[in-house]
Amino acid sequence: MRSPTITPPPRLLAVAAAWLIIAVVTVVAVLSVMPPSPRTDVPADEPSAAAAFAHVERIGARTHVAGSAANDEVRTYILDTLRGFGVQTRVQDTVGVNGEQAARVRNVVATIPGTAPEAERGRVFLVAHYDSVQVGPGANDDGAGVSTLLESARVLRAAPLRNDVVLLFTDAEEACLCGAQAFVASDPLAAQGGVVLNVEARGTGGPVIMFETTRGNANLIDVYAAAAPHPVATSFAVEVYRILPNDTDFSPFRDAGRFTGLNSAYIDGAAAYHSPEDVPARMDRGSLQAHLDSAVALARAFGDQDVTAMPAAQDATYFPVLDMLVHYPESAVWPLAVLAAVTVLALAVVARWRRAASVPRMLGGLLAAVVPLVGAPLLAQGGWWLLVVIRPDYAGVRDVWNPTWYRWALVVLVAAVVLTWFALLRKVIGAVALGVGGLAWLAALGIVLASLAPGGSYLAAVPALVGAVCALVAVAVGRTGVGVAAATVAAVVGIVVLVPTAVLFFPALGLPVAAVPAFVLVLLTPVLLPLLDPLLGGHASWQGPVALVAAVALGAAGLAADRFTAADPVPAQLMYSLDADTGQARWVTEEDQPGAWTAGYVDRRQLVPELLGMSGFFWAGPAPAAALPAARVDVVSDVATGAGRTVTVRIVPQRPVRLLALEAGDGPTVRAATVAGAPVDVRDGRLDLIFHAPPPEGLELRLELTAQGRLDLSVLDGSDGLSGLPGFVPRPPDVGIAGSHTSELVAVTRTQRI
């Protein structure tokens, strides 16, 4: 007797095939926003990561803060390399002023002339800064950008374009963006504007993300989408970045109003950002290759465009889809959002008509859908807080050194929330009602974003629209292969829209803001439910707990894999402040909760009156007074001018310093001021200025006062390096220097009455 053949029902096979397709698409979607492999065998007219990395090894060999001898050596290397390529090169040596900060800057400006008649040429500016922070060698930030420009110069020099290509290597970006500001304000090449491509890094690897544009970017995005070999960009990032206080060298160009352009960076590996660990060995050469490919391709594309036609009347909405960039004009945002809402409403009507879900159940689904939307982000953020409790040194990190296990734990945690929620409610409310409720929230979010952040509306409106259309098809045809196919289309669209954004949010925000990628991932829930329901069948109760256990196991693996060592140290921030008038000194830290090493220097929160723009309560502690001379203030002239006076003083550091902070205001009102011959801002009758990279011979400060009375001038001079100070005990091997502009600062303050 023959045994009966057990064949899975056709619908189960269709669902299994659908999930296989979803798995493949998810992997492809993730890989599409990863950096390429560095190319080792490239033609001479294409950029090479190997050649660029040789520049990185020279540029990122040691710390080279603006004004230092090491920075002079980097500048000389840049000049020699460019001249070796036969590129016209000069140095812009001037004072750059940016608000209440200024610096002596020496920008390197190189020009590859275009082939069009001079009157018909535009300009394409490739921009990167060559200075580093005061505590790290800056191999990535911005050795990656400098090496990209150098290798681009080699390639572009061989085949000039219609427009001029200007390669700008700015100084003092880390201090105050003063090099870029000086170029925009006073260099003749900047007078007519053009297209700016800024090349940055805020980490050690990952995809190169085009994260900022000038306003009216529709034409720029058309060119970028067609030309970029690895188009990783989302208009939502632009919306977010526009409300943040962050700035790069792109900002002075953006704010000038006569430039259009794009700002790009790779941002993964942020634990090394601005720290001594930003060394060449940590650089992902695939990320460097992505920078090179994009810079050359975009320079060629814009180099043959009419750059005066780049500004547009509106922004574009855009996002990456499987190694392409989908983009459409901002004028389509509201119609798309409204259409999504109308389609979801139509789905609710058809579901009621077809008796797939009752009105009370759909209202229940609407309320129930809030649970994963709120619960998953809260639980993800709670997971991070738990990690901080287990490992207190995580409290001050920008991101962890080895985040992979933790990121997977977050993904599985979101899955655990969704599976548990669905298992508890699918029989009570029904899968269709839960799906309609989830799609309604997506549509509502699309409308909210269309109003507040148009470039981000696609994240909700597109999945809501496609999900509702496919659900209409599935409800209309019932449980057939057509319904499974429609559900698969909705899931695939949701994945290619949402998964890349979630992947990019991991490095952009770091694990301390785990709630954001969790929220983006949970938006997939409504488009996955139609396929989740038949897959789980009647045995859904165990899926969520198993996923939760897996998430905990992955978190434990993360704790085991990510440990603070000499190679991956815990960041610690400390500075030293000496008041030369009173002889009092103290240690100060910006850490919200001092770590074990820092706590050995600070003992309580106390008022810090003014320290490089810091004022308020910080952790501080008494320190021995070091024998450090304060800057000398010499009166050069003091001339009465009617009811007021004009005072000129020379401020001369008595030790090597990185900056001078000047404050004048206790006394007559300051009407105007110049430093080193450059006018500087005076606000509310006070001068409050930080001057970076002051010359060794000192600064000349000229103050125009409204009255004859005495004026108190406070001068803070700042150097770097705590070693050698009395009472300082060097850090243990597993304690590093935090990536802060005030880490290791030694500040000496004196007030002189003039």
Side-chain angles (χ1 to χ4, degrees), residues 29 33 209-218 221 232-244 246 312-321 325-345 347 366 369-370 372-378 380-381 414 435-469 490 493-506 508-509 513-528:
V33 292
I209 304 170
M210 195 279 288
F211 64 93
E212 185 184 15
T213 73
T214 48
R215 292 192 181 274
N217 63 29
I221 296 304
V232 180
T234 161
S235 48
F236 188 47
V238 173
E239 297 283 6
V240 172
Y241 198 81
R242 283 174 179 170
I243 63 175
L244 295 177
N246 302 358
Q314 61 179 322
D315 283 339
T317 290
Y318 51 92
F319 49 93
V321 172
L325 195 76
V326 172
H327 56 109
Y328 52 85
E330 189 177 55
S331 57
V333 169
W334 268 107
L336 189 63
V338 171
L339 181 60
V342 170
T343 308
V344 172
L345 181 60
L347 171 62
L366 184 67
V370 175
L373 286 173
V374 175
L378 285 179
Q381 198 63 47
V414 171
V436 171
L439 290 171
W441 282 113
L442 273 184
L445 180 60
I447 288 176
V448 170
L449 289 173
S451 177
L452 301 178
S457 181
Y458 76 90
L459 283 168
V462 171
L465 175 59
V466 177
V469 169
V493 170
I495 286 166
V496 298
V497 170
L498 291 167
V499 167
T501 300
V503 169
L504 298 180
F505 267 132
F506 277 121
L509 300 176
V513 196
V516 175
F519 180 76
V520 175
L521 286 171
V522 84
L523 294 180
L524 283 167
T525 302
V527 296
L528 292 179

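Side chains are part of it too, since the values below use all heavy atoms of this structure and drop only hydrogens, waters and symmetry mates. The structure displayed is predicted, hence computed values, not measured ones.
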Inset, instruction - Output the distance between atom CD1 (I495) and atom CG (L498), rounded to the nearest 0.5 Å. - result: 9.0 Å
Legend entry - Closest approach of A337 to A461 (non-hydrogen atoms, all atoms of both residues): CA-CB, 4.1 Å
Legend entry - Main-chain N/O of V333 paired to S457 side chain as donor or acceptor, under 3.5 Å: no
Inset, instruction - Look up atom OG1 in T317 and atom CG in L449, then write down how far apart they are to the nearest 0.5 Å. - result: 10.5 Å
Legend entry - R215, CZ atom: more than 12 neighbouring heavy atoms under 6.0 Å: no
Legend entry - Closest non-hydrogen atom pair between P463 and L442, with its separation: CB-CD1, 4.1 Å
Inset, instruction - Answer yes or no: is there a side-chain heavy-atom contact under 4.5 Å between T525 and V522? - result: yes
Inset, instruction - Check whether any side-chain heavy atom of L336 sits under 4.5 Å from a side-chain heavy atom of V462, and report yes or no. - result: yes
Inset, instruction - Show your reasoning for whether side-chain contact (heavy atoms from CB on, under 4.5 Å) applies to N217 and Y318. - result: CA-CA 11 Å; N217 63 29; Y318 51 92; 4.2 Å; yes
Inset, instruction - Can you spot which of L373, L439, V436 makes a side-chain contact (heavy atoms from CB on, under 4.5 Å) with P526? - result: L439
Legend entry - Euclidean distance, S451 OG relative to W334 CH2, rounded to 0.5 Å: 5.0 Å
Inset, instruction - Would you give the length of the straight line joining atom CZ of F211 to atom CG of L244, rounded to the nearest 0.5 angstrom? - result: 10.5 Å
Legend entry - pair E212-V240: side-chain heavy atoms closer than 4.5 Å: no
Legend entry - F236 and F505: CA distance, side-chain angles, deciding distance, side-chain contact (heavy atoms from CB on, under 4.5 Å) verdict: CA-CA 11 Å; F236 188 47; F505 267 132; 3.5 Å; yes
Inset, instruction - Over 60° means perpendicular and under 30° means parallel, so classify the ring planes of Y328 and F319, tilted if in between. - result: perpendicular
Inset, instruction - Measure the shortest side-chain to side-chain distance between L445 and L523 over non-hydrogen atoms and say whether it is less than 4.5 angstrom. - result: yes
Inset, instruction - For F506, check ring-ring contact (aromatic ring centres under 6.0 Å, His included) against everything at least two apart and list the hits. - result: none
Inset, instruction - Please name the pair of heavy atoms, one in P377 and one in P372, separated by the smallest distance, quoted to 0.1 Å. - result: CD-O, 3.6 Å
Inset, instruction - Determine whether T213 and Y241 make a side-chain contact, defined as any pair of heavy atoms from C-beta on separated by less than 4.5 Å. - result: no
Legend entry - Nearest heavy atoms of L366 and A440, plus distance in Å: CD1-CB, 3.7 Å
Legend entry - Residue pair A518 / A376: nearest heavy atoms and the distance that separates them: CB-O, 4.1 Å
Inset, instruction - Look only at the side chain of Q314 and the backbone of S331, and say whether a donor-acceptor pair between them is shorter than 3.5 Å. - result: yes
Legend entry - For V33, the option from V499, I209, V232 that meets side-chain contact (heavy atoms from CB on, under 4.5 Å): V232
Legend entry - Polar side-chain atom of E239 near backbone of G456 as donor-acceptor pair, under 3.5 Å: no
Inset, instruction - Find out whether T343 and L347 are in side-chain contact, i.e. whether some heavy atom of one side chain is under 4.5 Å from a heavy atom of the other. - result: no
Inset, instruction - Mind listing the closest non-hydrogen atom pair of P454 and A450 along with its distance? - result: CG-O, 3.6 Å
Legend entry - W441 side chain to A369 backbone, donor-acceptor under 3.5 Å: no
Legend entry - Minimum side-chain heavy-atom gap H327-Y458 below 4.5 Å: no
Inset, instruction - Give a yes or no on whether the backbone of G455 and the side-chain of D315 come within a donor-acceptor separation of less than 3.5 Å. - result: no
Legend entry - Spacing of CD belonging to E330 relative to OG belonging to S235, to within rounding of 0.5 Å: 9.0 Å
